[in-house]
Structure formats: C-alpha cells, structure tokens
Amino acid sequence: MDVMGNDQNGCEVSQPVGGWVLSSVQARILEGVAAGFSSGRLSRELYLSSKTIDYHVRVMSDKLQAPNRAALVSRAFVLQILRTDSWPPRITCETVDY
C-alpha cells in the first residue's frame, strides 16, 4: 500500500498510494497521537482547537483506513510514515509537505 524510494539527499521516502503526503500540521498531530497525547493536550501545544485536532485525526484515519487512534499509529509505523528508531515518535524525512 505504499511506494518506497529515496530523495535527492538519500533519505528514504514513504508515500501512501495516491500520492498522499502529510501536511506539516498533520505530521505534528500524528507525532502527538503516537506519543499518546490527547486532543486537548495537542490543541494546547499546537495552538489549535480540539475540534481541528479531531478533524485531522479523522482525515488521517480515513486515508490510512484506521478505525481508531491506535490503529492509525500502527498503520503509520507499518507504512514507515513514523520512524521506528526514535522516541518520542517522529515522522520520516520527506513524508511531509512543508
């Protein structure tokens, strides 16, 4: 379900089918969800409303066909959107559209 490749810097790139790439806001939200943060905490840290956080979580869950937050994080690791070598979780390089 994903396409792997390398960018010009040699970084491994993972993009889900359909060319979907995370926005910078979605990347920060996904990192927070993977770290176990609530929507309330993420909204305070990112200066967004909790409804905005929930909206982005829902959009990412729909794109990755994940029924809940735990499944979203699991799919993100399987698709190598989240790095497996860091804590707190971080997005892999170049999976974000800055």
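Along the sequence shown, the residues carry numbers beginning at 1. Everything quoted here is computed from the prediction, not taken from an experiment.
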Straight-line distance of I53 CD1 to F37 CZ, nearest 0.5 Å: 11.5 Å
Under the salt bridge (charged side-chain N to carboxylate O under 4.0 Å, His left out) test, residues paired with R44 that sit two or more places apart: none
Closest contact, heavy atoms only, A35 versus W87: CA-CH2, 4.1 Å
Those residues that, when tested against S38, pass side chain to side chain contact (heavy atoms under 4.5 Å, CB included) (two or more places apart): R41
Residues in salt bridge (charged side-chain N to carboxylate O under 4.0 Å, His left out) contact with R58, at least two apart in sequence or another chain: none
Euclidean distance, L22 CG relative to I29 CD1, rounded to 0.5 Å: 10.0 Å
For Q26 against V59, the heavy-atom pair lying closest together: NE2-CG1, 3.7 Å
Side-chain heavy-atom pair V33, M60 within 4.5 angstrom cut-off: no
Test item: L46 and V25 side chains (from C-beta on) under 4.5 Å apart, heavy atoms: no
Atom OH of Y55 with >12 non-hydrogen neighbours under 6.0 angstrom: no
Spacing of NZ belonging to K63 relative to CG belonging to L79, to within rounding of 0.5 Å: 13.5 Å
Set of residues satisfying side-chain hydrogen bond (donor to acceptor under 3.5 Å, both in side chains) with respect to S74, sequence neighbours excluded: none
Sub-4.5 Å side-chain heavy-atom contact between L64 and L72: yes
Salt bridge (charged side-chain N to carboxylate O under 4.0 Å, His left out) involving R69 - partner list, sequence neighbours excluded: D54
Over all atoms of both residues, closest heavy-atom pair of S43 and S49: CB-C, 3.7 Å
Under the salt bridge (charged side-chain N to carboxylate O under 4.0 Å, His left out) test, residues paired with D62 that sit two or more places apart: none
Residues which pass side chain to side chain contact (heavy atoms under 4.5 Å, CB included) with A70, listed by chain and number, not counting sequence neighbours: N68
side-chain contact (heavy atoms from CB on, under 4.5 Å) between L82 and I91, intermediate numbers included: CA-CA 4 Å; L82 286 170; I91 299 294; 3.7 Å; yes
